[in-house]
Student: 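I'd like to ask some things about the structure below.
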Amino acid sequence: MLHLALESRLQAAVTALYPGIVVDSIRVRPASDSKFGDYQSNALMALARERKVNPRQLATDVVARMDVTDWCEPVEIAGPGFLNFRLRPGALESVLQAALVGEHLFFSVTAPELRRTVVIDYSSPNVAKPMHVGHIRSTILGESLSRVLRLLGHRVISDNHIGDWGTQFGMLLLGWKTMLDAAALDADPIGELERIYKRVNIGCKEQPETLERARAELVKLQAGDEENLKIWREMIRLSQVQFDTIYGRLGVRFDHTLGESFYNPWLPEVVSRLLELGIARESEGAVAVFSDGTLPQKEDPFLISRDGEWVANPALIRKSDGAFNYATTDLATLDYRLRTWSPSEIIYVTDGRQQLHFRQVFQAFHRWQPQAATAVRLTHAWFGSILGEDGKPFKTRSGDTVKLADLLDEAEERALRVVLEKRPDLDSVAQREVARKIGLGAVKYQDLLPNRQSDYVFSWDKMLALTGNTAVYVQYQCTRAGKVVRDAGVLPAAWTSGPALCLQEPSELALARHLLSFGLSLEAVGDECRPNLLCNYLYELASLYSRFYDSCPVLKAAEPARTTRLALCELTARVLRQGLDCLGIEAPESM
RNA sequence: GCACGGGUAGCUCAAUUGGAUAGAGCGUCGGCCUCCGAAGCCGAAGGUUGUGGGUUCGACCCCCGCCCCGUGCACCA
């Protein structure tokens, strides 16, 4: 908010001094310490180095060309060239006042001409397999990015690229035909599908003829066999029921669910085009994309060093048996998305093990459609692997995976135990509802809080923690703030009629200053695909509110403090609620 | 071997384009409900940011070397 106003003044002043210079990196940020004022800029020191001039002199020259007297006291130049901005009395209050009447909530909605169309690809579970804890990160991260970008005014298209095609269906079809337990399928469809898959998988390893039969079923499916197609569709339907149940609980919604199978019709064309263009060629019976030598060896995803020599590291787009694979589908998907939605950005939210794959896909696409590729920003927002409590990789095939539904159940149960203890006065329906919001919030927050690139050590206790830097803390402060406003009854007319706020106490000022930075954290989340920045912001805000609440009586205070503090409660509640919503977390009215 | 991450307090993690005295939670120790919700607040202890150099007014961050951990590297997705 205010930092943007100051920033544009500063940029204008720099431009006045150096016409034509790129000022994007000239930033104004909240002061690192309130003793330096409200806002600061460090950018002139970097600029001075670049221009080889004295930084203090540059700061003096820039400040002389900058007029911020409507908002600030005279700008102070500190140390080697920091600019410190100290707001004039009333400046913060006027921003709060505007927020109270609904002019903004401390962030700016992107101007229409700057709005982006962003496709976000996340979750992507596999058909016929239970969603496990490994799916949560992509789902929660993607959903949060989607919500933040939408709030900022961008056009977001969320697409669930489910795994509904591939070699596993040979085994599933064989199992379905030879060992399906109809009653079990009825009672627990995914459990039964998982069972037959595992049984056939073992059979394939032990008996070559079983493997052959599974392959034969797959070939029939791919050739369009009616019976197999029917079974395949039924397996997808049963899986979608499971997905929808989980997504319903998580509050996750997709605009599209275009699985891998959707792109089948285009795969032969993708391969033949890449062959024609000389991007791909045959090798050992398969078709693969190789390096074109235009990139430095270290950056080329199609080269790898082995024993001191750079050798080919191709991406296969057609196997020697004629089947297509992952890269082929992703290229077709990319092509389809660009043709269909003309996005300015596509964000893939998957685990970090797929980094090389996406670098290859992006690079291959760039060679296939250079013009289209330069018009879109392709982002692989990857996240770290999930590890077991022992720090070793959390392998899905080991059989002891934690199912997502079980995790969510456990989260709600643990939360309910606390609610029963803290709120025996509520009826059981209300208790369950609060426990649901708290339990699910805890899981989501825990998932979003760490830097996404860090590896993830799965722990029940950590995942379901209800004290400290958790969603519960933020939810709790949010309900307290909301409660004060409700208890006030009639809201002060001054909120809508004119300047009546007056911030005085340090804890009031600190809280107000932090409210103004909401937009900064939203922008950062959108730019860097890092919802943890929003978690940090909200935790800090909740913490500042708690300190304020502890030291400043609200309802019993005399005017104008009462009106001011009530306004802080109201705005804090609004920002916390909006921020939690961006994380996909619900804020209970009371808890 | 090469590439991409990571290494920060006892543990789990932050640190806003290189910025001012590296911050939280958990755990430990000690305080605070006669006062709008104690799922809370205040305080203490705890650090040579893996390691050795370099760049500069200033480095957890950038550059070079080395040591650990994870992941990936041709027909799985």
Side-chain angles (χ1 to χ4, degrees), chain A residues 24-27 29-33 35-36 40 42-43 45-46 49 55 78-82 124 126 163 165-168 260 283-288 297-299 301 303-321 323 325-327 329-330 351-357 359 382 384-385 387 391-393 418-419 421-423 438 449-451 453-455 457 459 461-462 465-470 472-473 475-477 479-480 483-484 487-488 517 520-521 524 528 532-533 535-537 539-540 543 546-547 549-551 553-557 569 590-591:
Chain A
D24 291 356
S25 61
I26 307 290
R27 297 280 160 77
R29 288 289 178 261
S32 59
D33 189 317
K35 77 181 177 202
F36 300 131
Q40 68 181 62
N42 312 326
M45 292 178 282
R49 164 176 293 189
F82 294 100
S124 313
N126 287 319
W165 197 252
T167 49
Q168 75 269 29
E260 291 165 2
S283 171
E284 298 173 28
V287 176
Q297 290 169 325
K298 286 179 82 163
E299 292 167 28
L303 288 181
I304 194 159
S305 173
R306 283 250 165 74
D307 303 324
E309 238 184 299
W310 290 96
V311 298
N313 181 41
L316 295 180
I317 56 172
R318 194 175 73 200
K319 300 195 284 184
S320 50
D321 67 2
N325 42 10
Y326 193 25
T329 311
D330 270 353
D351 74 81
R353 290 175 298 189
Q354 300 180 38
Q355 285 174 88
L356 180 61
H357 163 76
R359 283 180 57 217
W382 60 271
S385 316
L387 307 176
K392 289 178 183 169
V418 179
V419 173
E421 180 195 322
K422 304 267 184 192
R423 294 302 303 271
I438 289 174
L449 181 62
N451 182 330
Q453 295 183 331
S454 308
D455 281 344
V457 177
S459 145
D461 287 336
K462 201 184 74 176
L466 295 175
T467 56
N469 186 355
T470 60
V472 187
Y473 180 83
Q475 288 167 322
Y476 178 66
Q477 302 306 340
T479 62
R480 285 213 300 193
K483 176 82 166 12
V484 175
D487 287 349
S517 300
L520 204 54
S521 74
E528 299 174 44
N532 66 309
L533 299 174
C535 293
N536 292 338
Y537 171 84
Y539 180 72
E540 179 71 17
S543 176
S546 190
R547 267 174 246 166
Y549 182 84
D550 210 57
S551 59
V554 179
L555 300 178
K556 291 169 188 165
C569 290
S590 77
M591 57 188 276

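Just so we're clear, the structure is a prediction, and the values are computed from it rather than from any experiment. Letters A, B, ... mirror the listed sequences (proteins, then strands); counts begin at 1.
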Student: In the strands shown, is B/rU49 matched to any nucleotide by a Watson-Crick or G-U wobble pair with both distances under 3.5 Å, and which?
Tutor: none

Student: Between B/rU16, B/rU17, B/rG25, which nucleotide gets closest to the side-chain atoms of A/Ala43?
Tutor: B/rU17

Student: For nucleotides B/rC33 and B/rA38, find the distance between their C1' atoms and express it as a whole number of Å.
Tutor: 7 Å

Student: Tell me what A/Ser590 touches on the nucleic acid: a base, only sugar-phosphate, or nothing, going by heavy atoms under 4.0 Å.
Tutor: base

Student: Heavy atoms only, 4.0 Å cut-off, all strands: where does A/Glu284 land among base, sugar-phosphate and nothing?
Tutor: base

Student: Taking atom C1' in both B/rU16 and B/rG23, what distance in whole Å separates the two?
Tutor: 13 Å

Student: Could you go through A/Asn42 and A/Arg29, starting from their C-alpha distance and side-chain angles, then the distance that decides it, and tell me whether this counts as side-chain contact (heavy atoms from CB on, under 4.5 Å)?
Tutor: CA-CA 9 Å; A/Asn42 312 326; A/Arg29 288 289 178 261; over 6 Å; no

Student: Of all the heavy-atom pairs spanning A/Ile438 and A/Val419, show the shortest one and how long it is.
Tutor: CD1-CG2, 4.3 Å

Student: Hey, is A/Phe82 doing a stacking thing with B/rA20, by the 5.5 Å centroid and 30° angle criteria?
Tutor: yes

Student: Would you say A/Arg480 and A/Ser546 make side-chain contact, with heavy atoms under 4.5 Å?
Tutor: yes

Student: Using whole Å, report how far CG of A/Asn126 lies from P of B/rC76.
Tutor: 15 Å

Student: Could you tell me which nucleotide pairs with B/rC41 by Watson-Crick or G-U wobble geometry, both distances under 3.5 Å, or answer none if nothing does?
Tutor: B/rG31

Student: Contact class for A/Lys298 (heavy atom, under 4.0 Å): base, sugar-phosphate, or nothing?
Tutor: sugar-phosphate

Student: So A/Tyr549, base contact, sugar-phosphate only, or nothing? Heavy-atom distance under 4.0 Å.
Tutor: base

Student: Which one is paired to B/rU8, where only Watson-Crick or G-U wobble pairs with both distances under 3.5 angstrom count?
Tutor: none

Student: Just to be sure I understand the rule, does A/Glu540 reach a base, reach only the sugar-phosphate, or reach nothing, if contact means heavy atoms closer than 4.0 Å?
Tutor: nothing

Student: Taking the same atom, P, in B/rG25 and in B/rU21, what whole-Å distance lies between them?
Tutor: 23 Å

Student: Of the listed nucleotides (B/rA20, B/rG37, B/rA77), which one gets closest to any side-chain atom of A/Arg423?
Tutor: B/rG37

Student: Using atom P of each nucleotide, how far apart are B/rG50 and B/rA14 to the nearest Å?
Tutor: 14 Å

Student: For nucleotides B/rC60 and B/rU8, find the distance between their C1' atoms and express it as a whole number of Å.
Tutor: 7 Å

Student: Please check the phosphate of B/rC42 (OP1 and OP2 only) for any side-chain N or O of A/Arg547 closer than 4.0 Å.
Tutor: yes

Student: Assign A/Lys483 to base, sugar-phosphate, or nothing according to its heavy-atom contacts below 4.0 angstrom with the strands shown.
Tutor: base

Student: For B/rA39 and A/Tyr476 - does any side-chain N or O of the residue sit under 4.0 Å from the phosphate oxygens OP1/OP2?
Tutor: yes

Student: Counting the atoms with a prime plus P, OP1 and OP2 as sugar-phosphate, which does A/Ser283 contact under 4.0 Å by heavy atoms, base, sugar-phosphate, or nothing?
Tutor: base

Student: With the side chain of A/Val472 defined as its heavy atoms from C-beta on, choose the nearest nucleotide among B/rC57, B/rA39, B/rC73.
Tutor: B/rA39

Student: Would you please confirm or rule out a distance under 4.0 Å between OP1 or OP2 of B/rA20 and any side-chain N or O of A/Arg29?
Tutor: no

Student: Hey, which sits more toward the 5' end of RNA chain B by its nearest nucleotide, A/Tyr473 or A/Asn451?
Tutor: A/Asn451

Student: Heavy atoms under 4.0 Å, any strand shown: does A/Leu555 hit a base, just sugar-phosphate, or nothing?
Tutor: base

Student: Under 4.0 Å, counting only non-hydrogen atoms across every strand here, what does A/Phe36 touch: a base, just sugar-phosphate, or nothing?
Tutor: base

Student: A/Ser454 near the nucleic acid: base, sugar-phosphate alone, or nothing, with a heavy-atom cut-off under 4.0 Å?
Tutor: sugar-phosphate

Student: If I take atom CD in residue A/Gln453 and atom P in nucleotide B/rC4, what distance separates them, rounded to the nearest angstrom?
Tutor: 13 Å

Student: Could you tell me how far apart A/Met591 (CE) and B/rA38 (P) are, to the nearest whole angstrom?
Tutor: 13 Å

Student: When you get a sec, tell me which of B/rG25, B/rG1, B/rA14 is the closest nucleotide to the side chain of A/Asn536?
Tutor: B/rA14

Student: Among B/rC36, B/rA15, B/rA39, which nucleotide sits nearest the side chain of A/Pro553?
Tutor: B/rC36

Student: Out of B/rU17, B/rC57, B/rC26, which nucleotide sits closest to the side chain of A/Met45?
Tutor: B/rC57

Student: Which nucleotide wins on minimum distance to the side chain of A/Trp382, given the candidates B/rU17, B/rG5, B/rG40?
Tutor: B/rG5

Student: A/Phe82 and A/Pro80: which non-hydrogen atoms are nearest, and at how many Å?
Tutor: CE1-CD, 3.8 Å

Student: For B/rC73, what is the paired nucleotide under Watson-Crick or G-U wobble rules, both distances under 3.5 Å?
Tutor: B/rG1

Student: Between B/rG72 atom P and A/Arg359 atom CZ, what is the distance in whole Å?
Tutor: 16 Å

Student: Which whole-number value in Å describes the distance from A/Leu356 CG to B/rG5 P?
Tutor: 13 Å

Student: With sugar-phosphate meaning primed atoms plus P, OP1 and OP2, does A/Ala524 contact a base, only sugar-phosphate, or nothing at under 4.0 Å between heavy atoms?
Tutor: nothing

Student: Looking at the side chain of A/Gln354, which of B/rA77, B/rC41, B/rG1 is the nearest nucleotide?
Tutor: B/rA77

Student: Let's test your reading of the model: under 3.5 Å, does the base of B/rG18 pair with the side chain of A/Arg49 as donor and acceptor?
Tutor: yes

Student: From the list B/rC36, B/rA77, B/rA39, which nucleotide is the closest neighbour of the side chain of A/Asn325?
Tutor: B/rA77

Student: Distance check, P atoms only: B/rC67 and B/rG27, in whole angstrom units.
Tutor: 39 Å

Student: When you measure from the side chain of A/Asp487, which nucleotide among B/rA77, B/rG1, B/rC36 comes out closest?
Tutor: B/rC36

Student: What does B/rU21 pair with, Watson-Crick or G-U, if both distances are under 3.5 Å?
Tutor: none

Student: How are the rings of A/His357 and A/Tyr326 set relative to one another: parallel (under 30°), tilted (30 to 60°) or perpendicular (over 60°)?
Tutor: parallel

Student: Got A/Ser32 and A/Gln40 here, is their nearest side-chain heavy-atom distance under 4.5 Å?
Tutor: yes

Student: Hey, does A/Pro314 reach any base, or is it just sugar-phosphate, or nothing, if we go heavy atoms under 4.0 Å?
Tutor: base

Student: Give a yes/no on whether any side-chain N or O of A/Lys556 is located under 4.0 angstrom from OP1 or OP2 of B/rC36.
Tutor: no

Student: Could you tell me if the side chain of A/Asn313 sits less than 4.5 Å from the side chain of A/Leu356, heavy atoms only?
Tutor: yes

Student: May I ask you to say what A/Asn42 touches in the nucleic acid, namely base, sugar-phosphate or nothing, with a heavy-atom cut-off under 4.0 Å?
Tutor: base

Student: Pair A/Ser517, A/Glu540 - check side-chain contact (heavy atoms from CB on, under 4.5 Å), show working.
Tutor: CA-CA 11 Å; A/Ser517 300; A/Glu540 179 71 17; over 6 Å; no

Student: Provide the distance between the two C1' atoms, one in B/rU12 and one in B/rU51, to the nearest whole Å.
Tutor: 24 Å

Student: Could you give the distance separating B/rG19 and B/rC13 at their C1' atoms, to the nearest angstrom?
Tutor: 23 Å

Student: May I ask you to say what A/Ser546 touches in the nucleic acid, namely base, sugar-phosphate or nothing, with a heavy-atom cut-off under 4.0 Å?
Tutor: sugar-phosphate

Student: Should A/Trp310 and A/Lys298 count as side-chain neighbours, where that means a heavy-atom distance under 4.5 Å?
Tutor: yes

Student: By nearest heavy atom, map A/Gly352 and A/Ser551 onto RNA chain B; which one lands nearer the 5' end?
Tutor: A/Ser551

Student: How should the glycosidic conformation of B/rC33 be described, syn or anti, under the criterion that syn lies within 90° of 0?
Tutor: syn

Student: Do you know which two heavy atoms are closest between A/Ser543 and A/Arg547, and how far apart they sit?
Tutor: OG-NH2, 2.9 Å

